[in-house]
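Note that the structure is predicted; figures quoted are calculated from it, not measured. Counting starts at 1 for both ligands and their atoms, following the listed order.
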Amino acid sequence: MATKYVYFFGNGDADGDESMRPILGGKGANLAQMAKAPLSLPVPPGFTISIDVCQEYYKLGKKYPEGLDKEVASYLDRLEKTFGKKLGDENDPLLVSVRSGAAESMPGMMDTILNLGLNDKSVLGLANKTNNPRFAWDAYRRFIQMYGNVAMGVDHDKFEEIIAEVKSHRGIKEDTELTTEELQEIVTKYKAMYKKEKGEDFPQDPQVQMWGAIGAVFGSWMNERAIIYRKLNNIDENVIKGTAVTVMAMVFGNMGDTSGTGVAFSRDPSTGENHFMAEYLINAQGEDVVAGIRTPMDISALEKQQPEIFKEISTIRDRLEAHYHDMQDMEFTVQEGKLFMLQCRNGKRTGPAAVKMAVDMVAEKMITKEEALLRVKPDQLDQLLHPQFEAKALKSAKPLASALNASPGAGCGQIVFTADEAVEWDKAGKKVILVRKETSPDDIAGMYVAQGILTSTGGRTSHAAVVARGMGTPCVCGCSDVVFTSKDAVTIGGKKFKKGDFISIDGSTGNVYGEVIPVTPASVSGDLETFLGWADEVRAASVRTTPSGKTVKGFDVLANAEQNEAPQAFRFGAAGIGLCRTEHMFFEEPKLTSFQKMIISDTTEERKANLAAILPLQQKDFYGIIKTMEGRAVTIRLLDPPLNEFVQAETPDLAKALAKKLGVKVDFINKKYAELNEHNPMLGHRGCRLAITYPEIYEMQVEAIARATAKADKEGLKHDVRIMIPNVTTFAELKQIRAQAEAVIANVNKELGVSLKFQIGSMIEFPRAAATADKIAEYADFFSFGTNDLTQTTFGFSRDDYSKFIDSYLDQKVLLQDPFKTLDEDGVGVMIGLAEEKGRKVKTDLHLGICGEHGGDPASIALCYKLGLNYVSCSPFRVPAARLAGAQAVIKANK
Ligand code: ADP
Ligand code: MG
Ligand code: MG
């Protein structure tokens, strides 16, 4: 039998179901699921052409696979029989919509054409049959416009100009006021314009129309905005392979005041609260809500006007949630008092809403904690940690206007009026708020860089709102107090603003302010705390066997932090500090000056004297970190970078300034600069190599650590301090440095009358270190993989230079991922696995972790779990996401 390409739904049954998303797309699969038992919801009949056809279409150079035409013809025939009308019938025509839908929802990114099947003759039949000529002509003019624009590429504005012209001619404001005659006039003008633009008449044959629309939908898979959307949302084209096309009978929300169209969310997608949220437009078609052209009414108004419909849609809401165990986003249309479901899907939501729903649904026993943890993308947590207005500044600020709180968070910036300006200004380092009547999919790049989005029309389900929520960008929409006075100026609540003026918007309250309000970061509390607590439980309870056969329990998330970041790391729930970079602690004065003096010292005595000046300052910082972390691990890495980073004298001006600051001659600085300068500092005199040549540097640092810990110990504070040696390539380096460190510690113990012991461990950041990890393990209490350097040296890619070629590598698929973002399993992962196996052969319980930037990347975290590491360490801001990503890795590994 030939491949089945087409799947029917309608009449209480369907060929497909929700499990067929990869073939039917989300829209097609859910329409089938809703149509058939047990849901058996009122869905207009139709058929879905599979995603396989989309793939074939592109493979064959935009041609259809053989036999598709016949298959479609037979399903159209079935649709006509089911619905009791024929496409193009001159007396009582069937009209259809031709809709796009990929396996993952890409709202508004691809094309859909409504009211297809109308032509100069069938429009008369429709007018006659419905006894509603105005409706018929409105549908026809909509169809010409949509088909002309979407399938044939006629500029949208050309249609809008004609409408505007007719409206102004007749002194009309709203589209709904247009009479039948005026709509007929518009149709005539549309067709004339179309002919001028395309050099041919608007197609009258419904078959030509239908295939034109099907081609347009498949074509829209590769349109620019869909491609950008997939890139921004990391949608992998090897997994989400194309769009399906659904052809279904039209139902009409624009047949008068007992008709209308709505979009509903079973819970609030912005806050997550468990209340029904819907927006409804009377006497309108679906695209009017989505396009944000008119501002819809709230669900409570529908409850008053059409209580039976409200009751029915409320029941459907409950049944769909119970069926899908998730928040539903639904499209529905009411045709003369009868409700039809046109779409449902798991609704997109903000980060805060995702967390709240996950926590609530566990409490409602709708899902398990594990399911809840898989519901939230680690990246989404960033939105809960978004800046908010400074409370004090907010108090004294007065809103100029208030509208729909469409996407939460606070944003402050300069007004721009176009997406292109937003992109330009962002490149110039400015922060912008994009202010528009409404947004369209073409604005997506500008929306992405904006601090906030403000629109004058459209509801919570308008394009601006949906996209902003997806991006986590603050958005206030439907703000009728924003009035456009020219291209470059608006009034907000009566006050004038031009391009470049500062405003602030609050997407959580809907308030708009005509002033700068400073923003502050947020913290982990409430539902997020509960949620991440579950993630911690799951990781703590985890047990796995590593590829080398060892059993490892637990999986922690630590932070990379110094004295200034430690409090934030603690607040965000880090189980400790996995990397405290001592060199970062020298950036502040007066430490920097002493450190620079130490570097330019000519003799060991001079160097020791300068180190002695730094010691008490470092000790104080270490003590502060130990105290902040309340007994959690604090891993301190001894000096790592090449010293020349601290002696910047490449220009005469810099040299002069540095000489003055350090109280030496410029010549001397220049001489030192020349000495320190290296051809390849990343592979030069750095890390433990410094300690082999100048042991006094590490000795001072170890002394500062020991004294700080002794002070904490004497004060009864809990402590768990570990010393980490960077850049180890041979066990002999570690052996020697460890002996020196232990001697220093013994002296401090003796002097202060304490008996402190420290774990001393090694970074593993070179292939040689991994290859000889068994020998290194004899002198190391732990390993920490420095995956930035390990990636550099395994690939032989310089991280400072790879930007020159990485884009070409990715575009040409020479590499599938940027190895500095996502840990390379095949190469770097093998090095880590080798070190794990060799290290634990010598010490069974050798503690292992990573401290590179990969520690915050979900895919890399999953790999670390698989390889048997005990922890990952990442920047404090990434800690909440890593706590979740780690738990997800555990849950997925156990499935
Ligand atoms: P998108 O993926 O951009 O939401 P849709 O295919 O869902 O595109 O269609 C756009 C709008 O047209 C939606 O509001 C939808 O409800 C409406 N629509 C689609 N098909 C029909 C139909 N057969 N009858 C009435 N309205 C429809
Ligand atoms: Mg839709
Ligand atoms: Mg390193």
* Asked: Has ligand 1 got any nitrogen or oxygen that is less than 3.5 angstrom from a nitrogen or oxygen of Leu114?
  ->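 No, there is no polar N/O contact under 3.5 Å.
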* To do: Taking all non-hydrogen atoms of both residues into account, name the closest pair between Asp111 and Val217 and its distance.
  =>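 Closest approach of Asp111 to Val217: O-CG2, 3.6 Å.
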* **Heavy-atom pair of closest approach, residues Lys129 and Asn91** =>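 For Lys129 versus Asn91, the nearest heavy atoms are CB-O, 3.8 Å.
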* Using distance alone, determine whether Arg345 and ligand 1 share an N or O pair under 3.5 Å. =>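 No: no nitrogen or oxygen of Arg345 is under 3.5 Å from one in ligand 1.
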* Best match, Leu342, Asn254, Val263: closest heavy atom to atom 26 (N) of ligand 1 ->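 Going through Leu342, Asn254, Val263 one by one, Leu342 has the nearest heavy atom to atom 26 (N) of ligand 1.
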* Closest candidate by heavy atom, reference atom 10 (C) of ligand 1, pool Val96, Thr112, Leu95 ->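 The nearest heavy atom belongs to Thr112.
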* Asked: Looking only at distance, does Ser100 have an N or O less than 3.5 Å from an N or O of ligand 1?
  ->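 So ligand 1 has no N or O lying under 3.5 Å from an N or O of Ser100.
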* **Atoms in ligand 1 flagged as close to Val251, the criterion being non-hydrogen separation under 4.0 Å** =>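 Taking each heavy atom of Val251 in turn, ligand 1 has 24 (N), 25 (C) under 4.0 Å.
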* Asked: Which is it for Phe47 and Phe9 under the ring-ring contact (aromatic ring centres under 6.0 Å, His included) test, yes or no, and what are the steps along the way?
  -> CA-CA 6 Å; Phe47 55 85; Phe9 59 87; 8.3 Å; no
* Would you check whether Thr333 has a nitrogen or oxygen atom less than 3.5 angstrom from a nitrogen or oxygen atom of ligand 1? =>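 No: no nitrogen or oxygen of Thr333 is under 3.5 Å from one in ligand 1.
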* Is the Mg ion (ligand 2) under 2.8 Å from any N, O or S atom of Thr112? ->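 Checking Thr112: none of its N, O or S atoms is under 2.8 Å.
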* Aromatic Trp137 / basic Arg142 pairing, under 6.0 angstrom, 45° off normal ->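 No, Arg142 does not lie over the aromatic ring of Trp137.
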